[in-house]
Protein chains: 2
Amino acid sequence: MYLRAISFLQQQAREYVSSQDLADQLHLKSPQIRKDFSYFGAFGVKGTGYHVDTLIGRIRDILKLSSIQKAALIGAGRLGKALALYPGFGMYGFEIVEIFDSSPQKIGKKIGNTKIKSINDLGDMEEQGIRLAILAVPSEAAQEVADRLVESGIRGILNMAPCYITVPKRVRVQTIDIAMELGILPYYV
Amino acid sequence: MYLRAISFLQQQAREYVSSQDLADQLHLKSPQIRKDFSYFGAFGVKGTGYHVDTLIGRIRDILKLSSIQKAALIGAGRLGKALALYPGFGMYGFEIVEIFDSSPQKIGKKIGNTKIKSINDLGDMEEQGIRLAILAVPSEAAQEVADRLVESGIRGILNMAPCYITVPKRVRVQTIDIAMELGILPYYV
DNA sequence: CTGTGCTTGTGAATGTGAACACAAGCACTG
DNA sequence: CAGTGCTTGTGTTCACATTCACAAGCACAG
């Protein structure tokens with residue numbers, strides 16, 4: 001979250017930012033931000049604030065986003081297609097290098113510059129330096145595909161299906177349930 | 001989150017569920033779940049667990065998901081199209097009744113059964129009983145469109161753009177930044 | 001080179017949510 | 001109808017994150 005906000009400032013050629021500025025922008029309190037940054041190591045300048053470039057570098061290092069991260073996309077349906085062509089991944093240094101689907105009609109076709117392969121041809125991801133996968137398949141198939149991904153050496157899964165998937169402890173799953181996020185709104189409205 | 005998990009059990013014709021069962025499934029501790037449910041009012045049965053149908057009804061009531069909620073979709077790009085046809089909204093009782101876009105090429109065309117209208121024809125949403133909007137436009141346009149939505153009487157916005165939008169206090173914003181969620185993974189991997 | 005105004009970094013206080021442990025109670029068995 | 005096993009509901013403890021408050025320190029003006 002900080003990375004996104006501060007990258008935005010960098011684009012505006014802003015050189016320094018104070019904890020107060022960030023707090024206003026992110027709707028947080030300034031001591032919160034100072035405390036968080038202090039855990040990253042103290043590199044703020046009293047009276048001036050934090051050097052934007054330094055801050056971004058430090059956060060990217062911590063999050064291991066300094067180098068390009070290759071990712072595989074599973075599921076070339078409407079959502080999968082939208083994700084494959086989504087421009088927002090670039091900012092964090094992600095690149096979708098493989099797309100897989102189970103439907104024979106889709107296999108062999110291209111999305112952007114990437115050819116859709118059969119899910120059965122999911123090789124050894126670890127060997128290819130692919131540690132992340134984006135799972136955009138129907139809920140019913142999610143667990144089965146996740147199992148295959150784990151087997152192939154994937155270490156992190158972004159699950160777009162509205163269900164829980166079970167994986168070994170060494171694998172990290174992050175789930176986005178779009179409908180659930182929408183489901184939060186009526187309560188407050 | 002509970003609603004999703006318990007709805008899944010309902011589909012399996014499960015009649016009762018214990019806090020322990022849910023805890024295992026959701027990777028939580030059972031006292032957490034009992035405490036949460038106790039805030040909803042005590043309706044569990046000692047020795048048996050919670051009645052699934054009652055629990056679902058209670059949670060839906062609290063979240064105000066008992067009746068159909070109409071929603072407008074803004075942005076008919078790849079992501080917008082995927083969301084318009086996304087089957088997952090039905091489970092929470094959401095229905096996308098309007099689609100808007102700014103591109104003349106898209107206006108007039110249909111996605112599913114819904115015709116795409118010009119963003120300039122965004123009328124009085126409140127009058128039409130539409131309280132929620134899904135924002136699937138580029139970051140640059142997000143704030144401007146959000147302002148218009150607020151003006152039209154929208155009360156809740158699901159923002160799919162990777163940016164903060166500022167709205168009056170009476171309006172609630174829920175942001176999904178897909179790339180950010182993926183950005184969390186490398187740290188753990 | 002001194003004074004003023006900001007801003008950081010952090011110990012202490014505060015608030016909040018999660019985990020524990022156990023009494024109370026229902027169901028089912030023999 | 002007593003006994004056993006399981007499960008809820010909750011008072012208490014614990015852990016942790018947020019907020020406060022302020023000393024320390026940098027920058028810039030005069």
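So that the names make sense, note that chain A is the first sequence line, chain B the second, and so on, each numbered from 1.
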Round to a whole Å and report the spacing from [atom1] of [X] to [atom2] of [N].
X     : N      : atom1 : atom2 : value
A/L28 : D/dA17 : CG    : C1'   : 13 Å
B/D36 : D/dT8  : CG    : P     : 13 Å
B/H27 : C/dA18 : NE2   : P     : 17 Å
B/L22 : D/dC6  : CG    : P     : 19 Å
A/F40 : C/dT8  : CZ    : C1'   : 15 Å
A/Q20 : C/dG5  : CD    : P     : 18 Å
B/Y16 : D/dT8  : OH    : C1'   : 13 Å
B/D21 : D/dC6  : CG    : P     : 13 Å

Here's a test of your reading of the structure: between A/G47 and A/P31, which maps to the more 5' nucleotide of DNA chain C?
A/G47
Whichever of A/K35 and A/V45 has its nearest DNA chain C nucleotide further upstream toward 5':
A/V45
Taking only the side-chain nitrogens and oxygens of [X], find out if one of them lies under 4.0 Å from OP1 or OP2 of [N].
X     : N      : result
B/T48 : C/dA27 : no
A/Y50 : C/dC6  : no
B/Y39 : C/dG17 : no

Just by distance, with hydrogens left out, do B/Q105 and B/S103 show a side-chain donor and acceptor under 3.5 Å apart?
yes
For the side chain of [X], starting at C-beta, report the closest nucleotide among [options].
X     : options                : answer
A/S18 : D/dT19, C/dA21, C/dT8  : C/dT8
A/Q32 : D/dT8, C/dA18, D/dT19  : D/dT19
A/R34 : D/dT18, C/dC20, D/dA21 : D/dA21

Report which part of the nucleic acid B/F37 touches: base, sugar-phosphate, or nothing (heavy-atom distance under 4.0 Å, all strands).
nothing
Sugar-phosphate, base or nothing in reach of A/S30, heavy atoms under 4.0 Å
nothing
Tell me, do A/L135 and A/V173 make a side-chain contact under 4.5 Å, heavy atoms counted?
no
Test A/Q128 against A/D124 for side chain to side chain donor-acceptor pair (under 3.5 Å), laying out the working first.
CA-CA 7 Å; A/Q128 295 175 56; A/D124 190 321; over 6 Å; no
If you count the non-hydrogen atoms of other residues, nucleotides and ligands that lie under 6.0 Å from NZ in B/K106, is the total more than 12?
yes
Report yes or no: does B/R34 contribute a side-chain atom to a donor-acceptor pair with the main-chain N or O of B/S19 at less than 3.5 Å?
no
Taking the nucleotide of DNA chain D with the nearest heavy atom to each, does B/K46 or A/K29 sit closer to the 5' end?
B/K46
